[in-house]
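Working notes for the structure below.
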Amino acid sequence: MTEYQVSQIYEELKESDLYILTEFFKMLGNPARIRILLLLMEQDANVRDLAAQPGMPRSAVSHQLNLLKSNKLVRGCRGGKIIFYALADEHVQRIHRCSV
């Protein structure tokens, strides 16, 4: 059998880092969240705009946005009474580009 070497990256990972990675990939494991992230890659949007997509009721969109926001994948910016959502930073787009 082949003997595997433990990489430096693996050795430097803490248990808390593994938890963060697990939660990040969990967020990407839901089709509704992926759809929202893809839409936000094109432009910032509010719940109403995102719910205009087929099969995306407002309550479901709000719930998914809250999960994405709590996991720091999206951020909200208030414009009067409306909150516009955007990708938190470019790392989400980079991951998508690598997966395609």
Side-chain angles (χ1 to χ4, degrees):
M1 275 207 215
T2 306
E3 189 174 315
Y4 291 98
Q5 293 182 350
V6 177
S7 72
Q8 184 177 352
I9 293 171
Y10 180 80
E11 286 179 345
E12 293 175 3
L13 280 176
K14 299 176 192 149
E15 195 66 31
S16 60
D17 296 332
L18 291 172
Y19 177 78
I20 290 167
L21 279 171
T22 302
E23 291 303 308
F24 174 75
F25 286 110
K26 250 194 250 182
M27 287 295 104
L28 300 180
N30 178 288
R33 289 191 288 266
I34 293 292
R35 184 178 293 138
I36 290 169
L37 291 172
L38 290 173
L39 291 168
L40 293 176
M41 282 182 197
E42 295 174 15
Q43 67 182 22
D44 298 356
N46 60 35
V47 172
R48 184 188 52 139
D49 295 337
L50 294 168
Q53 303 302 312
M56 300 268 296
R58 283 187 189 194
S59 60
V61 169
S62 291
H63 175 71
Q64 299 303 335
L65 283 168
N66 283 332
L67 289 172
L68 291 167
K69 190 175 176 184
S70 67
N71 282 278
K72 297 176 177 63
L73 296 177
V74 301
R75 59 181 166 74
C77 180
R78 186 173 291 280
K81 292 183 178 184
I82 300 172
I83 299 174
F84 286 89
Y85 292 90
L87 296 179
D89 56 38
E90 200 177 288
H91 78 277
V92 178
Q93 284 183 321
R94 276 191 243 137
I95 289 169
H96 172 66
R97 281 191 297 257
C98 290
S99 68
V100 178

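The shown structure was predicted, so the numbers you read here are calculated from the model rather than taken from an experiment.
One hydrophobic cluster, built from ILVMFWY side chains closer than 4.5 Å, holds both M41 and V47. Under the 4.5 Å side-chain heavy-atom criterion for grouping Ile, Leu, Val, Met, Phe, Trp and Tyr, I82 is not connected to L39 through any hydrophobic cluster. F84 is not connected to L50 by any chain of hydrophobic side-chain contacts under 4.5 Å among Ile, Leu, Val, Met, Phe, Trp and Tyr, and they are in different clusters.
Interatomic distance, CG of N46 versus OG of S62, reported as 10.0 Å (0.5 Å rounding). Here M27 contributes atom CE and L73 contributes atom CG; the two are 7.5 Å apart, rounded to the nearest 0.5 Å.
Smallest separation of non-hydrogen atoms from A86 and D44: CB-OD1, 3.1 Å. The two residues R75 and L87 have their closest heavy-atom pair at NE-O, 3.6 Å. Contact detail for P31 and G29: the closest heavy-atom pair is CD-O, 4.1 Å. Considering every non-hydrogen atom in both R58 and A51, the closest pair reads CG-CB, 3.5 Å.
Side-chain atoms of L40 and L68, non-hydrogen and from C-beta on, never get closer than 4.5 Å to each other.
S70 places a side-chain N or O within donor-acceptor distance of the main-chain N or O of L67, the cut-off being under 3.5 Å.
By the side-chain contact (heavy atoms from CB on, under 4.5 Å) test, N30 pairs with A32, R33, Q64, sequence neighbours left out. The side-chain contact (heavy atoms from CB on, under 4.5 Å) test applied to L28 returns F24, F25, I34, L37, I95, not counting sequence neighbours.
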Exercise. Kindly indicate, with the supporting measurements, whether the criterion side-chain contact (heavy atoms from CB on, under 4.5 Å) is fulfilled by M56 and I36.
Key: CA-CA 9 Å; M56 300 268 296; I36 290 169; 3.4 Å; yes

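Screening residues 77-89 for side-chain hydrogen bond (donor to acceptor under 3.5 Å, both in side chains), with sequence neighbours left out, gives D89-H91.
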